[in-house]
Amino acid sequence: MRVAFKKLSVLKLYELLLDHYGFQNWWPVTVKDKEQQLIEIVLGAILTQNTAWKNVEIVIKKFVDSNLLNIEKILALDLRELSSLIRRAGFPNQKAATIKRVFQFLKRERVSKLLTMDCDALRKSFLNIKGVGFETADVLCLYAFNKPCFVVDAYTKRLFSRLALFGESFNYNSYEALKLAVEEQAKVFKTNERVMFFKEFHALIDEHCKRTCKKQPSCNNCFLKHYCKHYSKLYKLKH
DNA sequence: CGCCAGGGCCTCA
DNA sequence: TGAGGCCATGGC
């Protein structure tokens with residue numbers, strides 16, 4: 001017996017995920033005010049670094065309840081206060097320092113100006129901030145500043161690698177290579193559609209990996225198994 | 001109790 | 001330039 005292994009394209013994968021899980025509407029925010037939403041997203045992006053979102057939510061709620069979603073108010077906290085406030089999200093010392101640096105940057109450069117910048121320039125300026133790596137920079141560009149910017153994370157690497165989405169010799173460990181490959185495929189969209197596509201695609205990938213394509217994957221229940229190189233290899237081993 | 005979570009930095013080869 | 005140690009807390 002052979003497994004029917006069908007190769008997926010990026011856009012086909014997106015369609016399948018969207019059909020299966022529905023619209024995710026990321027990034028999740030809890031406040032209504034647009035300026036505060038941007039601050040909530042920036043905070044969440046830093047707090048969620050290698051941390052379960054559940055813990056981030058609890059910390060964000062503290063900021064909301066204390067009316068702290070404000071650049072000046074966050075900058076007015078000293079490092080020790082900030083660190084203790086975010087303790088539950090892990091790495092409190094590192095993240096407190098990063099939050100300070102990012103909000104100092106937002107204050108100095110002005111959010112209104114940053115919103116008018118193109119994605120590449122904005123991304124580069126975020127990457128200059130210590131504590132902001134590729135993923136966080138891309139999350140800020142895409143979700144906080146609505147720039148057309150695909151976010152790669154550990155889930156993306158894992159899923160694409162298992163699917164062999166770009167073939168078996170592709171370097172799925174390379175952040176930039178994965179990002180560029182997806183952005184290349186997204187050129188068929190207009191800018192606004194592209195932003196929405198990147199937001200949803202990233203959210204859907206994370207949803208699928210949390211539920212099914214875990215470190216120890218639940219391949220038997222996976223609706224993508226017939227498209228998956230990983231599953232087809234498992235299947236061959238068993239038969 | 002051990003593993004892992006919506007990473008990033010530093011070091012060292 | 002990539003692998004490995006470290007940062008910290010909480011859920012399961």
Side-chain angles (χ1 to χ4, degrees), chain A residues 13-14 17 21-30 37-63 79-105 123-145 147 149-162 169-180 182 197-218:
Chain A
L13 172 61
Y14 174 66
L17 288 169
Y21 293 113
F23 194 69
Q24 301 294 303
N25 196 25
W26 266 24
W27 189 276
V29 287
T30 62
Q37 282 183 354
L38 188 146
I39 293 167
E40 185 177 353
I41 293 167
V42 172
L43 262 181
I46 299 164
L47 291 174
T48 198
Q49 291 173 348
N50 201 39
T51 299
W53 182 252
K54 189 166 281 186
N55 295 322
V56 176
E57 279 182 318
I58 294 167
V59 173
I60 287 181
K61 185 167 174 13
K62 286 205 268 183
F63 278 80
L79 223 44
R80 293 187 46 241
E81 283 179 290
L82 185 54
S83 167
S84 111
L85 195 60
I86 66 173
R87 187 177 51 82
R88 290 188 60 109
F91 308 113
N93 298 325
Q94 289 186 162
K95 286 176 182 176
T98 301
I99 288 168
K100 282 281 193 180
R101 285 189 287 264
V102 170
F103 282 97
Q104 270 158 11
F105 171 82
R123 181 173 195 255
K124 276 177 190 157
S125 55
F126 284 141
L127 285 173
N128 281 329
I129 303 171
K130 185 178 171 186
V132 177
F134 291 135
E135 184 179 340
T136 305
D138 286 339
V139 166
L140 295 178
C141 286
L142 179 61
Y143 293 104
F145 289 86
K147 304 298 175 186
C149 183
F150 182 65
V151 178
V152 175
D153 60 2
Y155 290 150
T156 312
K157 292 177 180 176
R158 189 160 78 208
L159 177 63
F160 287 12
S161 162
R162 284 182 179 159
S169 57
F170 189 89
N171 179 10
Y172 293 95
N173 212 31
S174 163
Y175 191 100
E176 295 288 333
L178 269 183
K179 175 182 172 65
L180 290 177
V182 173
F197 165 67
F198 288 147
K199 284 185 178 181
E200 271 312 297
F201 194 28
H202 175 68
L204 287 163
I205 290 165
D206 283 21
E207 186 62 19
H208 180 63
C209 287
K210 273 190 237 182
R211 292 202 201 193
T212 307
C213 202
K214 296 168 285 196
K215 256 188 182 170
Q216 296 298 323
S218 318

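Numbered from 1 within each chain, the chains take letters A, B, ... in sequence-line order.
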Checklist entry - Between A:K215 and A:Q49, who's closer to the 5' end of DNA chain B by nearest nucleotide? => result A:K215
Checklist entry - Nucleotide range of DNA chain C contacted by chain A, 5' to 3', under 4.0 Å to a heavy atom? => result C:dA3 to C:dC12
Checklist entry - What do you reckon, are the aromatic ring centroids of A:F150 and A:F197 less than 6.0 Å apart? => result no
Checklist entry - Rounded to the Å, how far apart are A:Y175 OH and B:dG7 C1'? => result 10 Å
Item to check | Rounded distance in Å between the P positions of C:dA8 and B:dC10 | outcome: 14 Å
Checklist entry - Angle class for the A:W53/A:W27 ring planes (parallel below 30°, perpendicular above 60°, tilted otherwise)? => result perpendicular
Checklist entry - Hey, does the side chain of A:T136 come within less than 4.0 Å of B:dG8's phosphate (OP1/OP2), counting only N and O? => result yes
Item to check | Complement of C:dC12, any strand, by Watson-Crick or G-U distances under 3.5 angstrom | outcome: B:dG2
Next on the checklist: Set out, in order, the CA-CA distance, both residues' side-chain angles and the distance that settles side chain to side chain donor-acceptor pair (under 3.5 Å) for A:T156 and A:D153, then state yes or no.
Outcome noted: CA-CA 5 Å; A:T156 312; A:D153 60 2; 2.7 Å; yes
Checklist entry - Just checking A:G133: base, sugar-phosphate only, or nothing, at a heavy-atom cut-off of under 4.0 Å? => result sugar-phosphate
Checklist outcome for this item: When rounded to whole Å, the CD to P distance for the pair A:E57 and B:dA5 reads 17 Å
Next on the checklist: Could you tell me if the side chain of A:V182 sits less than 4.5 Å from the side chain of A:F160, heavy atoms only?
Outcome noted: yes
Checklist entry - Which comes earlier along DNA chain C counting from the 5' end, the contact point of A:N50 or that of A:R88, where each point is its nearest nucleotide? => result A:N50
Checklist entry - Are A:W26 and B:dG6 stacked, counting the six-membered base ring, centres under 5.5 Å, planes under 30°? => result yes
Next on the checklist: So, OP1 or OP2 of B:dC10: does either fall under 4.0 Å of a side-chain N or O from A:K130?
Outcome noted: yes
Checklist outcome for this item: Side-chain atoms of A:Q94 come closest, of B:dG7, B:dC4, B:dG6, to B:dG7
Checklist entry - When all nucleic acid strands are considered with a 4.0 Å heavy-atom cut-off, which category describes A:E135: base, sugar-phosphate, or nothing? => result sugar-phosphate
Checklist entry - Taking CD from A:Q216 and P from B:dG2, how many angstroms apart are they, rounded to a whole number? => result 18 Å
Checklist entry - Does the pair A:E176/A:R123 count as a salt bridge with the N-to-O cut at 4.0 Å? => result yes
Checklist entry - Taking CD1 from A:I86 and C1' from B:dA5, how many angstroms apart are they, rounded to a whole number? => result 16 Å
Next on the checklist: Pick the closest DNA chain B nucleotide for A:K54 and for A:I129 by heavy atoms, then say which residue is nearer the 5' end.
Outcome noted: A:K54
Checklist entry - For A:W53 and B:dG6, are the ring centres under 5.5 Å apart with planes inclined under 30°? => result yes
Checklist entry - Which word best sums up how the rings of A:H208 and A:Y21 line up, parallel for under 30°, tilted for 30 to 60°, or perpendicular for over 60°? => result tilted
Checklist entry - CZ of A:F126 versus P of B:dG8: gap in Å, rounded? => result 13 Å
Checklist outcome for this item: Separation of B:dG6 atom C1' from A:L159 atom CG, nearest Å, is 14 Å
Next on the checklist: Rounding to an integer number of angstrom, what distance separates C:dG5 and B:dG6 when you compare their P atoms?
Outcome noted: 23 Å
Checklist entry - Atom CZ of A:F91 to atom C1' of B:dG6: distance rounded to whole Å? => result 13 Å
Checklist entry - Counting any heavy atom closer than 4.0 Å, what does A:V132 reach on the DNA or RNA strands: base, sugar-phosphate only, or nothing? => result sugar-phosphate
Next on the checklist: Using 30° and 60° as the class boundaries, would you call the ring planes of A:H202 and A:Y143 parallel, tilted or perpendicular?
Outcome noted: tilted
Next on the checklist: For a ring pair (Phe, Tyr, Trp, His ring centres under 6.0 Å) check, start with the C-alpha distance between A:F201 and A:Y14, then their side-chain angles and the critical distance, and finish with the verdict.
Outcome noted: CA-CA 6 Å; A:F201 194 28; A:Y14 174 66; 5.7 Å; yes
Item to check | Interatomic distance, A:D138 CG vs B:dG7 C1' [rounded to whole Å] | outcome: 13 Å
